[in-house]
Visitor: 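This is the structure I want to talk about, given as structure tokens.
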Protein chains: 2
Amino acid sequence: MTVSVRDVAEHAGVSVGTVSNVLNGKATVRPETVERVLAAVAELGFVRNDAARQLRAGVSRSIGMIVLDAGNPFFTGLARAAEQRALAEGRAVLLANSDEQPEREALYLDLFEQQRVAGLLISPVGDAMDRLHALHGRGTPTVLVDRFSDDPGFSSVSVDDVAGGRMAAAHLLETGRRRIAFVGGPRRLRQVADRLRGARQALRGRTDASLSVLPTRALTVDDGRRAASELLRLPASDRPDAVFAANDLLAIGVLQGVLEERRVPGELAIVGYDDIPFAASMAVPLTSVRQPYARMGERAVELLEREIADPSRADREHVVFEPELVVRASSGVREPPGA
Amino acid sequence: MTVSVRDVAEHAGVSVGTVSNVLNGKATVRPETVERVLAAVAELGFVRNDAARQLRAGVSRSIGMIVLDAGNPFFTGLARAAEQRALAEGRAVLLANSDEQPEREALYLDLFEQQRVAGLLISPVGDAMDRLHALHGRGTPTVLVDRFSDDPGFSSVSVDDVAGGRMAAAHLLETGRRRIAFVGGPRRLRQVADRLRGARQALRGRTDASLSVLPTRALTVDDGRRAASELLRLPASDRPDAVFAANDLLAIGVLQGVLEERRVPGELAIVGYDDIPFAASMAVPLTSVRQPYARMGERAVELLEREIADPSRADREHVVFEPELVVRASSGVREPPGA
DNA sequence: CGACTGCGATGAATCGTTTCATCGATCGCA
DNA sequence: TGCGATCGATGAAACGATTCATCGCAGTCG
């Protein structure tokens with residue numbers, strides 16, 4: 001049924017070892033022999049069996065990447081940059097989506113470890129550190145993405161989410177808002193917890209302002225809509241005058257839900273997080289905290305390559321990027337012309 | 001270094017065959033033996049080597065999926081639905097992004113074939129049919145996605161893009177537009193060619209209306225912006241009064257580029273394609289042609305499973321979904337309340 | 001002329017799992 | 001008691017590519 005190196009060898013009148021050498025570009029084969037082998041490969045339609053190769057070689061040439069939400073442009077941008085960088089290194093990136101569910105994350109971790117991927121990039125759901133340690137200890141190079149690792153065992157690439165949260169809340173305070181609602185969840189996601197923490201820091205010591213928390217099940221547009229309808233059901237006296245959403249998808253959902261009944265930004269200012277490409281062109285352009293996702297993806301692959309090349313534990317590195325506040329109309333500030 | 005079944009067998013005091021039987025849930029093992037083996041597995045931290053398993057079994061349990069643009073919410077939605085459906089079947093989906101580039105597509109086709117994936121879902125870039133035939137002939141079950149196959153060799157799941165294009169253009173004509181510009185490319189993408197063809201059909205026989213074509217390099221927001229600046233550079237007499245964009249990303253780009261200088265929809269109506277979740281909440285909510293991506297993804301996996309189960313060539317099937325026009329403000333029609 | 005060198009090519013051993021023919025023990029039944 | 005059937009368990013063979021010790025041969029040198 002399947003064509004193997006043995007068939008190719010026979011057809012070309014050489015040994016299997018020679019076929020393998022040709023396939024792998026070893027220098028010790030005479031040009032005319034190379035040609036004969038390649039002709040046989042083409043004629044028989046031979047396709048290398050990667051399982052057999054890997055079995056012998058020990059590891060694959062792919063790296064696995066597990067993101068929290070493949071539907072979020074932030075993560076697809078991150079993945080795209082990582083893929084680009086990895087292809088330059090001759091590696092493919094296999095993308096998996098944990099969907100913020102620990103079970104799905106576990107499933108893909110198993111899959112990737114069984115496949116003996118060369119390395120792993122992951123935005124952990126939150127309680128996966130034990131599993132990751134185990135996997136890491138068994139020899140899978142791992143880099144945490146969008147997650148600062150206090151753990152010296154892992155390299156990581158992250159953005160200072162506490163600072164980002166602080167910037168968002170400070171901006172709202174500066175522009176006169178006093179009743180801020182944080183919309184986001186689940187709390188086990190570090191990103192969510194940190195952004196909330198940052199917002200709390202900005203409020204610290206301010207007796208004239210308050211921060212309430214409206215938890216969501218996930219970070220999606222739908223959850224944002226649901227949050228909006230909850231906000232609208234509140235009696236006017238309890239209603240916030242600003243929303244800080246844990247990411248742009250939520251912010252967009254809130255915007256959609258609130259837009260018909262309430263004036264944004266007049267009565268309700270909105271700030272999101274991630275500055276996804278769509279944020280700028282919303283019905284009310286969204287103020288957001290920008291993360292340099294392209295550089296993050298590249299840097300993550302670079303750290304991973306370094307660990308793959310030398311798994312000695314000496315040189316773990318934690319790269320922390322600074323977020324940047326991008327002010328647009330949704331927070332009630334005139335959009336600067338040309339922005 | 002690595003722990004193998006042999007080590008587990010030794011540690012549990014059984015044979016390798018028994019370990020394998022336990023691992024695969026074969027019924028012929030005594031419960032207490034099962035327990036002993038599982039204990040050894042846990043204690044030694046054994047992780048099955050998928051390469052070896054596949055080598056023996058012949059094919060993997062994953063299916064490969066190659067999409068044109070992982071940054072497009074339409075494709076991520078499609079992939080997500082496919083993944084959901086495949087997980088129910090006990091299979092993982094490995095997602096790859098051809099980025100509309102034939103070379104990247106070829107690279108991932110090679111990768112997936114070498115990995116002997118159980119099946120393949122693909123939105124081909126356009127000129128890949130020869131390669132696909134070869135791969136298919138060598139035994140990889142394949143289903144074309146978002147691409148009607150005139151080719152009886154492949155099952156396919158698609159939307160009638162010609163009808164979609166017709167609907168979009170007809171809508172613009174009905175609402176009084178006469179100078180329509182089609183923005184999209186590259187033409188080798190069947191989706192682009194078909195939507196344009198549909199638009200042409202709607203214009204057929206109309207001497208009072210015209211359709212010009214503004215080609216783009218790809219289907220991205222950036223290309224849409226570029227197209228917008230080209231449109232704005234035209235002398236007023238040549239300027240179109242409507243744009244039909246080949247997908248929503250382009251349409252959003254056009255909207256962004258045009259918004260400051262020109263009134264949408266007054267002077268320029270815009271219709272997009274895909275109805276991605278962000279379309280409804282744009283600065284000017286986007287009229288678009290909706291595709292049922294979730295059902296498409298599910299159906300594609302179902303067709304693929306059928307072909308995996310029985311690769312006999314009798315029952316290729318071509319599922320064609322009907323698109324649906326969703327009218328919003330960007331085409332100059334009042335958005336119905338509550339929509 | 002014989003020993004030596006280096007180039008090309010060889011093919012058996014190897015990776016870790018699954019499969020399957022086989023075996024020993026236990027049990028039921030005549 | 002003896003025979004076959006059943007249940008659990010065994011372990012060698014097989015999957016297909018890569019590796020590496022080895023070999024034949026031609027050319028070179030002393």
Side-chain angles (χ1 to χ4, degrees), chain A residues 1-38 40-41 44-62 110-111 113-118 138-140, chain B residues 1-38 40-41 44-62 110-111 113-118 138-140:
Chain A
M1 182 64 203
T2 351
V3 182
S4 78
V5 276
R6 188 154 287 110
D7 302 315
V8 173
E10 198 173 327
H11 196 265
V14 297
S15 72
V16 291
T18 300
V19 173
S20 176
N21 285 335
V22 170
L23 257 35
N24 297 310
K26 292 284 168 59
T28 65
V29 189
R30 215 168 34 183
E32 66 184 66
T33 310
V34 170
E35 207 167 325
R36 214 146 31 102
V37 171
L38 292 181
V41 166
L44 298 177
F46 167 77
V47 176
R48 212 207 237 102
N49 185 324
D50 203 48
R53 167 209 269 265
Q54 265 184 230
L55 176 56
R56 193 72 242 266
V59 300
S60 94
R61 289 160 309 145
S62 305
D110 279 345
L111 184 74
E113 189 173 11
Q114 292 185 11
Q115 293 196 352
R116 304 289 195 271
V117 291
R138 278 182 236 110
T140 303
Chain B
M1 180 68 202
T2 349
V3 182
S4 78
V5 276
R6 187 154 288 113
D7 302 315
V8 174
E10 197 173 328
H11 197 264
V14 297
S15 72
V16 292
T18 300
V19 174
S20 176
N21 285 334
V22 170
L23 256 36
N24 296 311
K26 291 284 168 58
T28 64
V29 189
R30 214 168 34 183
E32 67 184 66
T33 310
V34 170
E35 207 166 326
R36 210 144 35 100
V37 171
L38 291 181
V41 166
L44 298 176
F46 167 77
V47 176
R48 213 207 236 103
N49 184 325
D50 202 47
R53 167 210 268 265
Q54 266 184 229
L55 178 55
R56 191 72 241 261
V59 299
S60 94
R61 290 159 307 145
S62 305
D110 279 345
L111 184 73
E113 189 174 11
Q114 293 185 11
Q115 292 196 350
R116 303 288 194 273
V117 291
R138 277 183 238 111
T140 304

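A note on names: the letters A, B, ... follow the listed sequences, proteins ahead of strands, and every chain is numbered from 1.
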Visitor: Using atom types as modelled, flag every donor-acceptor pair under 3.5 Å from a side chain in residues 24-31 of chain B to any protein atom, sequence neighbours excluded.
Guide:
from     : atom 1 : to       : atom 2 : distance (Å)
Asn24(B) : OD1    : Arg48(B) : NH2    : 2.9
Asn24(B) : ND2    : Ser20(B) : O      : 3.0
Asn24(B) : ND2    : Ser20(B) : OG     : 3.4

Visitor: How would you label the contact of Ser20(B) with the nucleic acid (heavy atoms, under 4.0 Å): base, sugar-phosphate, or nothing?
Guide: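 Since a base atom lies under 4.0 Å of Ser20(B), the category is base.
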Visitor: Considering only residues two or more places apart or on different chains, which pairs with a residue in residues 6-15 of chain B satisfy salt bridge (charged side-chain N to carboxylate O under 4.0 Å, His left out)?
Guide: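 Non-adjacent pairs meeting salt bridge (charged side-chain N to carboxylate O under 4.0 Å, His left out): zero.
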Visitor: Nearest-Å distance, CD (Gln54(A)) to P (dT17(C))?
Guide: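 From Gln54(A) CD to dT17(C) P: 13 Å.
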Visitor: With Arg61(A), which residues qualify under salt bridge (Lys or Arg N to Asp or Glu O under 4.0 Å), at least two apart?
Guide: Asp50(A)
Visitor: Does the side chain of Asn49(A) reach to within under 4.5 Å of the side chain of Gln114(B), using non-hydrogen atoms?
Guide: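 Contact flag for Asn49(A)/Gln114(B) side chains = no.
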Visitor: Measure the distance from CG on Leu55(B) to P on dT18(D) and round it to the nearest whole Å.
Guide: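 Roughly 12 Å, once rounded to whole Å.
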Visitor: Listing request: all salt bridge (charged side-chain N to carboxylate O under 4.0 Å, His left out) pairs with a residue in residues 12-22 of chain A, at least two apart in sequence or in separate chains.
Guide: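 Every pair satisfying salt bridge (charged side-chain N to carboxylate O under 4.0 Å, His left out) with a residue in residues 12-22 of chain A: there are none.
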Visitor: So does Val117(B) get a backbone contact from the side chain of Gln54(B), meaning a donor-acceptor N/O pair under 3.5 Å?
Guide: no
Visitor: Starting from C1' on dG16(C), measure out to CD on Gln114(A) and report it in whole angstrom.
Guide: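 Distance, rounded to whole Å: 13 Å.
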Visitor: Atom CD of Glu113(A) and atom P of dG16(C): how far apart are they, to the nearest Å?
Guide: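 Whole-Å distance recorded here is 15 Å.
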Visitor: Nearest to the side chain of Asn24(B) - dC15(D), dT18(C), dA17(D)?
Guide: dT18(C)
Visitor: Specify the closest pair of heavy atoms between Ser62(B) and Gln115(A), including all atoms of both residues, with the distance to one decimal.
Guide: OG-NE2, 4.0 Å
Visitor: Rounded to whole Å, how long is the line connecting atom CG of Asp50(A) with atom C1' of dT18(D)?
Guide: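 Rounding to the nearest Å, CG of Asp50(A) and C1' of dT18(D) are 13 Å apart.
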Visitor: Quick one: are Val41(B) and Val3(B) in side-chain contact, heavy atoms under 4.5 Å?
Guide: no
Visitor: How sharply is the helix from dC1(C)-dG30(D) to dA30(C)-dT1(D) bent, taking the axes over five pairs at either end and rounding to 10 degrees?
Guide: 60°
Visitor: Whether Arg48(A) contacts dT18(D) is assessed here as follows: a side-chain N or O lying under 4.0 Å from the phosphate OP1 or OP2. Is that the case?
Guide: yes
Visitor: Grab the CD-P distance between Glu10(A) and dG16(D) for me, whole Å please.
Guide: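 Whole-Å distance recorded here is 14 Å.
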Visitor: Could you give the distance from OG1 (Thr2(A)) to CG (Leu44(A)), rounded to the nearest 0.5 Å?
Guide: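 Rounded to the nearest 0.5 Å, the OG1-CG separation comes to 12.5 Å.
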Visitor: To the nearest angstrom, how far is Asn49(B) atom CG from dG16(D) atom P?
Guide: 16 Å
Visitor: For Ser60(A), what residues pass the side chain to side chain donor-acceptor pair (under 3.5 Å) criterion, not counting sequence neighbours?
Guide: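 Here no residue qualifies.
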Visitor: Please list each protein N or O that sits under 3.5 Å from an N or O in nucleotides 25-28 of chain C, with the distance.
Guide:
none

Visitor: Can you check the Leu23(B) CG to dT18(C) P distance for me, whole Å?
Guide: 6 Å
Visitor: Treating primed atoms plus P, OP1 and OP2 as sugar-phosphate and everything else as base, which nucleotides of nucleotides 8-13 of chain D get B, S or - for protein heavy atoms under 4.0 Å?
Guide: SSBBBB
Visitor: Which pair of heavy atoms, one from Val5(A) and one from Phe46(A), lies closest together, and at what distance?
Guide: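 Here Val5(A) and Phe46(A) meet closest at N-CE1, 3.6 Å.
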